[in-house]
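Bear in mind that the values here come from a model prediction, so they are computed numbers and not experimental data.
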Amino acid sequence: VQNNLPILTTNITITIITGSIALIGFWRNVFKDYLFTIYFFLTFVLYMIVPSIQGIRFLLPIAPFYIYFLIKGIDQIDSWLRQKSGWWTSRFSISIQLCLVVILFTQSLVLSINQRSSIQPTEGPYDPLSTEMFAEISAQTKPDSVVIFFKPRLMHMITDRASFYS
């Protein structure tokens, strides 16, 4: 069993940070980019009303708009900080974007390494157990016998016995 708590904590933290910044960008541009706003809002409401068990793939149509509003929010925070502070804030948006890219890349790398280490060998018709079973069927049954099997075409191809699915 893998410990996914650090990854989950990182996901929640990144979601809260980027969501807050994107909300600032959304709020500051709600009337200026009203077509983006309408599409993003209606799609998001649709996903909230009709939740899907299909996973994250339904969020892909609104992901570019989320990134757009995130960048607008970073620019807005950057302009606020430039007005209130000195020279060090002029690199704020670049540093935040770079930090997000590094965090997301590191998280993706860790997830891919964990997933690669937990890959189980797939079973198939040519693994040792299946090969032994097909050899036994070929040896112990008559050539004109019919075998009930869950993949009848495979059974016929390997053992040359008639087969059907029941």
Side-chain angles (χ1 to χ4, degrees), residues 1-131 133 149-154 157 165:
V1 177
Q2 296 177 356
N3 184 7
N4 289 330
L5 186 60
I7 294 171
L8 181 64
T9 306
T10 306
N11 283 346
I12 291 171
T13 306
I14 290 173
T15 302
I16 289 171
I17 292 170
T18 61
S20 302
I21 295 171
L23 193 59
I24 291 170
F26 180 79
W27 187 255
R28 294 298 290 181
N29 294 292
V30 71
F31 296 113
K32 188 168 73 171
D33 300 327
Y34 65 91
L35 290 177
F36 290 164
T37 305
I38 291 170
Y39 175 78
F40 182 80
F41 183 73
L42 290 178
T43 306
F44 194 72
V45 167
L46 176 68
Y47 293 158
M48 288 296 157
I49 292 172
V50 186
S52 175
I53 58 171
Q54 296 285 324
I56 199 167
R57 71 185 180 127
F58 288 111
L59 294 179
L60 291 177
I62 62 172
F65 300 104
Y66 182 79
I67 292 169
Y68 172 76
F69 288 125
L70 178 66
I71 291 170
K72 289 288 194 176
I74 289 171
D75 287 341
Q76 183 63 42
I77 291 171
D78 188 40
S79 67
W80 285 341
L81 288 176
R82 278 191 210 169
Q83 291 172 358
K84 297 186 188 281
S85 299
W87 59 272
W88 64 273
T89 59
S90 63
R91 305 285 186 239
F92 174 76
S93 63
I94 295 172
S95 62
I96 291 293
Q97 292 171 15
L98 186 62
C99 286
L100 286 174
V101 167
V102 167
I103 289 170
L104 292 174
F105 177 75
T106 305
Q107 181 182 10
S108 176
L109 185 65
V110 168
L111 283 173
S112 65
I113 289 171
N114 286 343
Q115 186 176 14
R116 183 173 282 268
S117 66
S118 66
I119 292 177
Q120 300 288 332
T122 54
E123 298 174 1
Y126 298 110
D127 68 346
L129 187 62
S130 298
T131 305
M133 178 195 68
F149 192 64
F150 74 103
K151 292 195 176 194
R153 289 181 292 179
L154 177 70
M157 181 182 80
Y165 179 78

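- Between the CG atom in Leu23 and the CD1 atom in Ile16 there is a gap of 13.0 Å [rounded to 0.5 Å].
- Closest approach of Pro125 and Leu154 over heavy atoms only: CB-CD2, 3.8 Å.
- Asn29 and Tyr68 share no donor-acceptor pair across their side chains, judged by distance under 3.5 Å alone.
- Using a 4.5 Å heavy-atom threshold, the side chains of Phe150 and Tyr165 count as touching.
- Summarising the geometry, atom CG belonging to Leu42 is positioned 11.5 Å from atom CD1 belonging to Ile62; distances are rounded to the nearest 0.5 Å.
- Here the closest heavy-atom approach between residue Phe65 and residue Phe36 is recorded as CE2-CD2, 3.3 Å.
- By the 6.0 Å contact criterion, OH on Tyr39 is enclosed, its count of non-hydrogen atoms from other residues, nucleotides or ligands being greater than 12.
- The number of heavy atoms from other shown groups lying within 6.0 Å of CH2 (Trp80) is above 12.
- One distance of note links CZ of Phe31 with OG1 of Thr37; it measures 9.0 Å at 0.5 Å rounding.
- Put simply, CE on Met48 and CG on Leu46 are 10.5 Å apart, with the number rounded to the nearest 0.5 Å.
- For the atom pair CD1 (Ile74) and OG1 (Thr18), the distance works out to 9.0 Å, reported to the nearest 0.5 Å.
- Taken to the nearest 0.5 Å, the OG1 atom of Thr43 stands 11.0 Å off from the CD1 atom of Ile38.
- Classified by interplanar angle (parallel below 30°, tilted 30° to 60°, perpendicular above 60°), the ring pair Phe40/Phe26 is tilted.
- Residues Tyr66 and Gly19 share a closest heavy-atom pair of OH-N, 3.0 Å.
- Put simply, the side chain of Ser130 never gets that close to the backbone of Tyr126: no donor and acceptor are under 3.5 Å apart.
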